[in-house]
Amino acid sequence: MSLDGAFLSKIKNELILYVGAHLDKIYQPSRDELVFLLRSKEGSKRLLLSARQGSARVHFTSFKPDNPPSPPMFCMLMRKYLSAARLVSVEQTGLERVLTLTFSSLNEMGDVIYPKVICELIGSQPNIILTDTFGVILDAVRRSDLEANTRIIQPGAKYLPPAKTDKLSILTVKTDLLAKEILTKENRTLSQAVLDTLEGVSPLVAREIALRIAGDFQKNVSELTDGEKMNVTGVLNSLLRDITEKENPCILTDSKGVPKEFSFTEITQYGPELKCEFLSSFSETLDTFYQKRENAERIRRAATDIYKLLSILMQRTARKKELRKKDLEKCADREKYRIYGELLKANLYLLKAGSKSVTLSNYYDENLSDIVIPLDPSISPAANADKYFKEYKKSYTAEKMLKELIEEDEKDLLYFESVLDALTRAETLSELNDIREELIESGILHISSKQKKAKANETFRQYVTPKGNKILVGKNNRQNDRLTLSVAKKTDIWFHTKNIPGSHTVLSVQNAEVSDDEIILAAGIAAYHSKAQNSSSVPVDYTLIKYVKKPNGAKPGMVIYSGEKTLFVTPQLPSF
C-alpha cells in the first residue's frame, strides 16, 4: 500500500498546524530519509520525510532514529540553508502526491531567504528536493541522469514539477461531473474507471468506492443498473466529506495484528479477513503502520548472517545424519560375523589351510541348515575366526557410536530449528542480539575481538489472566532457560508445544487455584509462540516446573520433563 494524494492531504492539514514552528535540528538517518525536529508553543515534534521506494511518506513520528557517525553531504546542505529556519507554509496542488514545505531563514549576508523542501512521493522514484527562493535546485536525494530525456534534477537546474495526469480532482470538480466521467468508461470495471478518473485515489480506495456504489468492485461500468448509476454521485459526495471533513484514519490488520493496509476512510472490502482499526491521527496511522513493517524488515536484514549460517549447519547436519544412518544399516548384519567366528572356532579340526570357503552345519539355526563361510586363504583357519570376531566387535562398537552420533545430530537439528523459530518471532534488535549472543556462547557463531558483547534482553513476554495470574513467555533459548530454571517457582505450571520448536511458557501461580480456562489460555499462548503458530489443534504438553530438568551439557533451551498432560489447542493470544 502506497500513500495516496487524499491521505497526503490529511497529513498536510496536520502539518499546517505547525506553520510558524522553528526547525531546531536536521538528521539524515539513511540515504533516503530525513528527520526534522520542529519546535512550537505546543512542544517539539519529529517530522519524518522518506523517499524510500515502497514506503515514501511524510508524517510526524515518535521514532527516534539512529544517526550515522557523521552527517551525509545532503544533510549538511540542509543544515546550511535551514538551520534556525521557520516553517512558513505547507502546500499541495490538488490531490497530487507532492508536498512543498517552505521555510524562512537568513543567509550568510543576513538577508531573508525562502528555501523549499519538495517531497515527491510518486511512483518508483520518490524524491526529496531542496530549492532556493527562486526555485533553483540546490540538491536532491536522487539526482537525475544528465542524458535522460526526463526532468533534470541536478544542482543549478530550475525545478519543474512532475507532469500532471489527466485525472480530475474531487476538490475542484463537481461530483455530478465526476460521476458522468466515470460512467463514460463503459468497457472497464467500475473500480478501474474510478481509479482512472479521480486524482489522489489509490487502487484500495477505488475498489472501496466501487463496492459502495454497486456492492461489487469487479463489476463493469456497462453492467451497472440505473439505480447504481444514480448512486455514483452520492458515494462521491460521501468521499468528498471523508477527505475534507472527517477524521477517521484506519489500519487494516490480519488476525495476528500484522498491518496490511491503511486508509483515510473506512475499508470494508476484505470482510472479516482484515480488521479495520481506527487511530487518533493520520501521522500516528503512518507511524504505526510503517514502524511495524520496517522494523520487521530491519530485523530480517540484520539476521541475514544468522539465517545463512543456520541454513548451512542444518543442511550439513542432515547430510551427516543420513550418511550415519546408512552406515548403521550395515551394522545390522554384525550378528553373522559372530556366528561365523563361533562356527569356525568350533570346527577348526575340520578346516584346511588355504581354503577359500567352508560349508558347516549352523547349530544356531533350529533346522541345523548348512552355511557357507567365506575364508581368506592367505591366513590360517584360526586367524579367519579371529578376523570375524574382530569384525563383530568393530560393528558392535560402530553401531553404538553411530546411534549416539545420530542422536546428537537430531538434537542439533532440533536446536537449530528452535533458534530459527525464535528468529522468526524476534520483534526488536535487542531480541536479535540475544539470539546472536546465545550462538556465540554455544560456539556456533564467532565474533572478532573488536566486537562488543551484546547485553542480554531481560524482559519476558507477559500476559495476565482474568484471575490475576501471570503468564510469562521466553523470547529465545537463553530466556527459556532463565525463565524455566531460575525465575519460575516449583509450583508454577510449565507449557511447551509437543515435539515442536517453541518458547517455554510458564503460568505463574499467584492465587491458590488455577482454573481450567487459565490452563487452556496458557496452552494457546504457548502454541502461538511456536513454529506451529499458523496451525490448528496444536499439541501442548504441560506439567509442574519441579518436573522439568535440564540434562548436563544440553544446549540452550533444551530440557526434559515428566508427569505431563497434553492439550490440543488453537494458537491464540488473549483478547483482553
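Just so it is clear, the values below take in all heavy atoms, side chains as well, and ignore hydrogens, waters and symmetry mates. Note that the structure is a prediction, hence the values are computed from the model and not measured.
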Salt-bridge criterion met for [X] and [Y] (N-O under 4.0 Å):
| X | Y | value |
| --- | --- | --- |
| D421 | R425 | yes |
| D305 | R436 | yes |
| E437 | R478 | no |
| E335 | R338 | yes |

Shortest non-hydrogen contact from [X] toward [Y]:
| X | Y | value |
| --- | --- | --- |
| L432 | A426 | N-CB, 4.5 Å |
| I128 | A51 | CG1-CB, 3.9 Å |
| L3 | A56 | CB-O, 3.9 Å |
| H496 | S503 | CD2-O, 3.7 Å |
| S62 | D287 | N-OD2, 2.9 Å |
| P29 | L34 | CD-CA, 4.4 Å |

Derivation of the side chain to side chain contact (heavy atoms under 4.5 Å, CB included) call for Y463 and V473: CA-CA 9 Å; Y463 308 90; V473 183; 4.0 Å; yes
As a test of understanding, state which of Y561, Y528, Y542 forms a ring pair (Phe, Tyr, Trp, His ring centres under 6.0 Å) with F495. Y542
Among side-chain atoms of S361 and D370, is any donor-acceptor pair under 3.5 angstrom?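 The answer is no; no qualifying pair exists.
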Determine whether a donor-acceptor pair (N or O, by modelled atom type, separation under 3.5 Å) exists between the side chain of [X] and the backbone of [Y].
| X | Y | result |
| --- | --- | --- |
| H504 | W494 | no |
| D541 | K498 | no |
| S530 | A527 | yes |
| E417 | M314 | no |
| S50 | E33 | no |
| D492 | V509 | yes |
| T543 | S562 | yes |
| E273 | D254 | no |
| K549 | K546 | yes |
| S395 | E391 | yes |

Tell me whether [X] at atom [atom1] has more than 12 heavy atoms from other residues, nucleotides or ligands lying less than 6.0 Å away.
| X | atom1 | answer |
| --- | --- | --- |
| K470 | NZ | no |
| K387 | NZ | no |
| Y547 | OH | no |
| Q462 | CD | yes |

Rounded to the nearest 0.5 Å, what separates atom [atom1] in [X] from atom [atom2] in [Y]?
| X | Y | atom1 | atom2 | answer |
| --- | --- | --- | --- | --- |
| L121 | D4 | CG | CG | 11.0 Å |
| N477 | S418 | CG | OG | 4.0 Å |
| T491 | L544 | OG1 | CG | 7.5 Å |
| D386 | K393 | CG | NZ | 12.0 Å |
| F278 | E266 | CZ | CD | 4.0 Å |
| L423 | E431 | CG | CD | 10.5 Å |

From CA spacing to verdict: side chain to side chain contact (heavy atoms under 4.5 Å, CB included), I545, K489: CA-CA 7 Å; I545 282 289; K489 298 179 295 185; over 6 Å; no
For a 4.5 angstrom cut-off between non-hydrogen side-chain atoms, does [X] reach [Y]?
| X | Y | result |
| --- | --- | --- |
| E261 | I267 | no |
| Q53 | R142 | yes |
| E284 | F60 | no |
| C276 | T268 | no |
| V419 | I444 | no |
| T288 | P259 | no |
| D434 | K475 | no |
| L521 | D517 | no |

If the plane angle is over 60° it's perpendicular, under 30° parallel, otherwise tilted; pick one for Y337 and Y340. perpendicular
Passes side chain to side chain contact (heavy atoms under 4.5 Å, CB included), L344 versus V358? Steps please. CA-CA 9 Å; L344 289 175; V358 63; 3.9 Å; yes
Would you say the ring centroid of F63 lies under 6.0 angstrom from that of Y290? no
Using side chain to side chain donor-acceptor pair (under 3.5 Å), reason through Q218 and S191 one step at a time and then give a plain yes or no. CA-CA 7 Å; Q218 294 181 327; S191 62; over 6 Å; no
Give the C-alpha distance, both sets of side-chain angles, the deciding distance and a yes or no for salt bridge (charged side-chain N to carboxylate O under 4.0 Å, His left out) between K411 and E407. CA-CA 6 Å; K411 288 179 180 178; E407 186 178 349; 3.8 Å; yes
